[in-house]
Structure formats: C-alpha cells, structure tokens
Amino acid sequence: MNESNQSFLGTTLETIQWFVFLLASSVALPIVIGSIFDLSFAQVSGLMQRTFFVVGITSFLQGMFGHKLPIMEGPAGLWISIFAVMAYSGAQSGKSYIETLQTLEAAMILTGVFLLVFGVFRLAHRVLFVFTPLVTGAFLFLLTVQLSGTFLRGMLGIQQQVEAIHVDQTVVAFVTFCSVLGLSIFAKGWLKSYAVLIGISVGWLLYIVWVGSTKESGGESPFISAPEWLAWGIPHFEWGIVPLAFITAVILLSNIVASVVAVSHSIYGKPTYSYNQINQGSSFLGVTHGISAMFSSIANVPLASSSGFIHLTGQKKKAPFLYASALLMIIAFFPSLVAFISGIPSPVANAALLATFVQLMGLGISNIASETLDERRLTILCISFLLGIGLMFLPAEVFKGLPGIVQNLMSNGLLVGTVLVIIMEQLWKESKT
C-alpha cells in the first residue's frame with residue numbers, strides 16, 4: 001500500500017472514530033432530558049435528530065473559526081442541571097413542561113448574547129486572571145464528579161427512572177469500559193489509536209448477542225427531513241432568567257478556558273492558549289447557544305472530555321475532527337440513519353464516555369497539584385468541594401421555598417462550587433513572605 005493510500009485510510013479511520021465519539025457523547029443526554037420532561041418517543045427522536053445536527057454544526061464552526069482546536073461541542077452538563085432544576089421549579093409555579101422549555105430557549109439565547117458580547121468586545125480574556133490552575137482544576141474535577149453519576153446510572157441500566165440494576169447491561173457496560181481503558185493504556189499502535197471505536201464495537205456486539213435490542217419502535221421514518229426549527233415553540237423571555245444567564249455565561253468562560261487548556265495539553269504536551277483564541281471561542285460559543293436554542297436542543301459547550309479522547313487515542317489532527325462534525329451534521333437530515341446510529345445501547349455509550357473522563361479527572365487533579373497545596377489552597381478546595389458536591393446529592397425539591405432564581409443557582413453544585421473557588425481565591429490573597 002503506497003503512502004497516499006495509507007494516509008487516506010488513516011484519515012478515514014480517524015474520522016470514523018471521531019464520529020463515534022461525537023455520537024456517543026450526544027446520545028445519552030437527550031434521553032435524560034426526555035425523561036425529565038416526560039417527552040414521548042417521537043419527541044425524543046426529534047430531539048436526538050436536532051442534537052446531532054447542532055453538535056455537528058457547532059463543533060465545525062468552533063473548530064474552523066472559533067478557538068480552532070479539535071474540541072467537540074456537546075450538550076453541557078451545566079445546562080442539564082439547569083434543565084432539571086427549572087423543570088421542577090416550573091412545575092411548582094404551575095407551568096407546563098413545554099412552557100418551561102420555551103423559557104429555557106430564552107435562557108440559552110440570553111446566555112449566548114452575553115458570551116457574544118464578551119467575545120466581540122474582547123472582554124473574555126480580561127477575566128482570565130480569575131481562571132488560575134486551582135480554578136480550572138476544580139472546575140474539571142467538579143464536572144467529572146457531576147457527570148459521573150449520569151454516566152454510571154446509564155451503565156447500570158437505570159437511565160430512565162428504572163430503580164433496579166440490570167445485571168446483564170451492567171456487565172456489558174463494564175466490559176466496554178475495561179476494553180477502552182485497557183486498549184488505551186496497554187495496547188500499542190493502531191489498537192491504542194482506535195481504543196474508543198473498538199471498545200464501543202465490542203460492547204455493542206456483546207449487547208446485541210446477550211441482551212438483545214431494547215429500542216422502542218417509532219414507526220416508519222421519512223427518508224430525508226430537515227431538523228425542526230423551534231420545536232418547543234417561541235422562546236419565552238422572563239426577567240428572572242437574566243441573572244441566571246449572566247452567571248452561566250461567566251461560568252462557561254471557565255469551561256472554554258478549561259477545555260482549551262486540557263486539549264492543548266493533550267496535543268502539544270503543555271497547556272497553552274492566546275487571548276484571541278479565548279475571545280473568538282466566547283464569540284462562537286454565543287453563536288452556538290443561539291443555534292441550540294433555535295433548534296430546541298440542549299445548549300452546547302466545548303467538552304473538555306475531548307482531551308481525554310485525544311489522550312486515549314493519540315489522534316491530534318484537526319481535519320478528521322472537522323470531517324466527522326460535517327458527517328454528523330449531514331446524517332441528521334436522514335431520520336432512519338439517526339434512528340439506527342442512535343441505537344448504540346445507552347450502557348455502552350455511557351461506559352465509553354466514562355472511560356474518557358478518567359483522563360479528564362486526572363487532568364483536573366494535575367492542574368490543582370501544579371501549584372503548592374498550602375493551607376490556603378487546600379481550605380479553598382475543601383470548602384468548594386464539600387458544598388459543591390454536597391449540593392449534587394440534594395434533590396431539587398429541598399429548594400422549593402426559595403425564589404426561582406435562587407433555586408436555579410443554589411441547586412447546581414458545579415456552578416456553586418466553581419463560583420466559590422473563584423470568589424475565595426480572589427478575596428483570600430496569598431501572603432507575601
């Protein structure tokens with residue numbers, strides 16, 4: 001095989017593996033949202049189609065024009081928390097689920113406006129001084145803790161309000177998890193490079209053989225159809241969501257910094273970024289929030305787990321990532337294909353994602369440990385982790401006596417924990433000795 005054919009084959013396989021990673025990272029959370037808002041099978045299928053399209057187009061835009069790194073734009077863990085809390089607070093105030101979803105569309109648009117302003121007026125890089133290694137590391141650590149629960153529930157087969165653990169699904173999930181990790185750590189050459197693809201393939205095949213297909217049938221799908229525009233209706237703006245949108249936008253700046261730092265570390269061997277990169281990333285994150293809202297999906301953000309994928313597979317080229325993003329966007333116009341590829345069993349998809357989070361949590365701990373952990377830093381971390389992680393274990397119902405905006409903020413452990421680290425680090429300065 002000549003060199004050009006080898007290059008083409010390598011790029012094709014890398015594109016397929018990026019595509020599978022984009023897919024696996026997109027499948028689970030729309031199912032979670034469907035469960036929270038009691039959506040029908042047809043509505044979840046529509047949400048899945050729109051999610052694939054939005055993930056594809058937003059990843060491509062950021063990779064080409066934003067921060068210009070191979071970082072997947074995917075459904076945000078932070079926004080999943082906001083969706084869950086507002087579903088409960090909306091029901092308490094007498095809103096229907098659709099009315100709450102329309103308010104969430106507006107919240108995503110407002111957050112996008114703030115992010116666009118931060119980027120266009122070059123304000124994003126002016127707050128970079130608050131995103132120290134301690135803050136970035138704490139954010140990455142809290143993010144992995146928050147989402148690990150979601151992924152573990154999916155691995156155990158209790159994704160959709162089923163309380164009993166499914167032993168057969170759990171075994172398949174842990175075989176997938178161990179396959180991805182084992183190949184990425186101990187294998188050499190192409191086996192190591194395609195650990196995620198091989199692990200998901202093994203898990204999917206084992207799932208079909210042992211568990212069988214559990215996908216609900218949704219009837220005949222049209223051969224081709226465009227993702228629906230404003231499927232949840234016209235966005236409904238309320239004054240109460242303005243503070244939430246602003247605080248979320250500021251926290252998402254730390255998401256941009258953390259993702260760029262994590263991926264640049266995986267690609268170049270050291271964390272690096274430029275002010276222009278962060279400003280452009282913020283601008284396009286604002287644009288992608290608007291796209292997410294207009295297509296009634298979960299707001300997308302740069303997923304720091306992309307660094308775990310790059311570290312696991314050693315794939316550092318941007319071209320296969322862009323090809324995979326474009327492919328996912330095109331696939332979204334073919335509902336029957338969406339139905340087939342979204343058939344990746346939830347336990348298998350969640351297991352592969354949890355494997356990439358091993359590297360991400362390690363990166364967060366490395367960031368924290370990059371500076372001397374003196375009494376000041378340890379105290380800041382412990383307070384933030386105890387309160388932030390503690391809030392993740394509390395049901396949304398405990399905040400029902402508080403105003404809506406307070407409910408939305410205080411019930412989000414990732415947001416509270418990150419804000420606490422930022423505030424305490426700025427107020428409690430290091431003593432000069």
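The salt bridge (charged side-chain N to carboxylate O under 4.0 Å, His left out) test applied to E99 returns no partner, not counting sequence neighbours. Residues passing the side chain to side chain donor-acceptor pair (under 3.5 Å) test with Q102, sequence neighbours excluded: none. Residues that satisfy the side chain to side chain donor-acceptor pair (under 3.5 Å) test with N367, not counting sequence neighbours, are absent from this structure. Shown here are the side chain to side chain donor-acceptor pair (under 3.5 Å) partners of S259, two or more places apart in sequence or in another chain: N255. For A107, the side chain to side chain contact (heavy atoms under 4.5 Å, CB included) criterion is met by W79, I241, not counting sequence neighbours. Under the side chain to side chain contact (heavy atoms under 4.5 Å, CB included) criterion, F53 pairs with I57, P227, F295, M329, A332, F333, not counting sequence neighbours. The side chain to side chain contact (heavy atoms under 4.5 Å, CB included) search around T170 returns L156, I165, F174, not counting sequence neighbours. Among residues two or more places apart in sequence or in another chain, the side chain to side chain contact (heavy atoms under 4.5 Å, CB included) test is passed with F237 by A106, I109, L110, P235. Legend: residues meeting side chain to side chain donor-acceptor pair (under 3.5 Å) with S296, ordered by chain and number and at least two apart, are E105.
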*Can you check side-chain contact (heavy atoms from CB on, under 4.5 Å) on L354 and S148, steps first, answer last?*
CA-CA 7 Å; L354 192 64; S148 63; 4.2 Å; yes
*Chi angles and distances behind the side-chain contact (heavy atoms from CB on, under 4.5 Å) call for K317, E14*: CA-CA 9 Å; K317 299 177 191 171; E14 289 177 5; 3.8 Å; yes
*T15/T11 under side-chain contact (heavy atoms from CB on, under 4.5 Å): CA gap, chis, key distance, verdict*: CA-CA 6 Å; T15 299; T11 300; 4.1 Å; yes
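R122 places no side-chain N or O within 3.5 Å of a backbone atom of N279 that could act as its donor or acceptor partner. Judged by distance alone, with hydrogens and angles left aside, the side-chain atoms of T111 form no donor-acceptor pair with the main-chain N or O of T248 at under 3.5 Å. Within the 3.5 Å criterion, the main-chain N or O of G56 finds no donor-acceptor partner in the side chain of S59. Remark: the backbone N or O of G199 is not paired with any side-chain donor or acceptor of S179 at under 3.5 angstrom. Under the 3.5 Å distance criterion, the side-chain polar atoms of T176 are left unmatched by any main-chain donor or acceptor of A352. Checking side-chain atoms of R377 against main-chain N and O of E371 turns up no donor-acceptor pair under 3.5 Å.
When all heavy atoms of L23 and F52 are compared, the closest pair comes out as CD1-CZ, 3.4 Å. Of all heavy-atom pairs spanning S266 and I310, the tightest one is CB-CG2, 3.9 Å. Between V54 and S297, the shortest heavy-atom contact is CG2-OG, 3.6 Å. The shortest heavy-atom contact between V172 and G203 is CG1-O, 3.4 Å. Shortest non-hydrogen contact noted between G112 and H289 is CA-CB, 3.7 Å.
Here the side chains of P70 and I267 are in contact, with some heavy-atom distance below 4.5 Å. Inter-residue side-chain proximity for K68 and K318 is flagged as met; some heavy-atom pair is nearer than 4.5 Å. In this structure the side chain of V358 reaches within 4.5 angstrom of the side chain of F177, judged on heavy atoms. Contact check for F186 versus L181: no side-chain heavy atoms found under the 4.5 Å cut-off. L327 places a side-chain heavy atom less than 4.5 Å from the side chain of I331. You'll find the side chain of E73 reaches within 4.5 Å of the side chain of L285, heavy atoms only. In this structure the side chain of L47 reaches within 4.5 angstrom of the side chain of W232, judged on heavy atoms. In this structure, the side chains of L115 and S282 come closer than 4.5 Å at one or more pairs of heavy atoms.
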Kindly list each side-chain donor-acceptor pair under 3.5 angstrom involving residues 381-394, sequence neighbours excluded, with atom names and distances?
{"from": "S384", "atom 1": "OG", "to": "I380", "atom 2": "O", "distance (Å)": "2.8"}
{"from": "S384", "atom 1": "OG", "to": "V421", "atom 2": "N", "distance (Å)": "3.4"}

Cut-off 3.5 Å, no hydrogens considered: what does the side-chain donor-acceptor table look like for residues 135-145, sequence neighbours left out?
{"from": "T136", "atom 1": "OG1", "to": "T132", "atom 2": "O", "distance (Å)": "3.2"}
{"from": "T144", "atom 1": "OG1", "to": "L140", "atom 2": "O", "distance (Å)": "3.2"}
{"from": "T144", "atom 1": "OG1", "to": "F141", "atom 2": "O", "distance (Å)": "2.7"}

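Under 3.5 Å, the side chains of N300 and T288 contain no donor-acceptor pair of N or O atoms.
Within the structure, salt bridge (Lys or Arg N to Asp or Glu O under 4.0 Å) contacts touching residues 131-144 (residues at least two apart or in different chains) do not occur.
In this structure, the ring of Y323 has its center no less than 6.0 angstrom from the ring center of W18.
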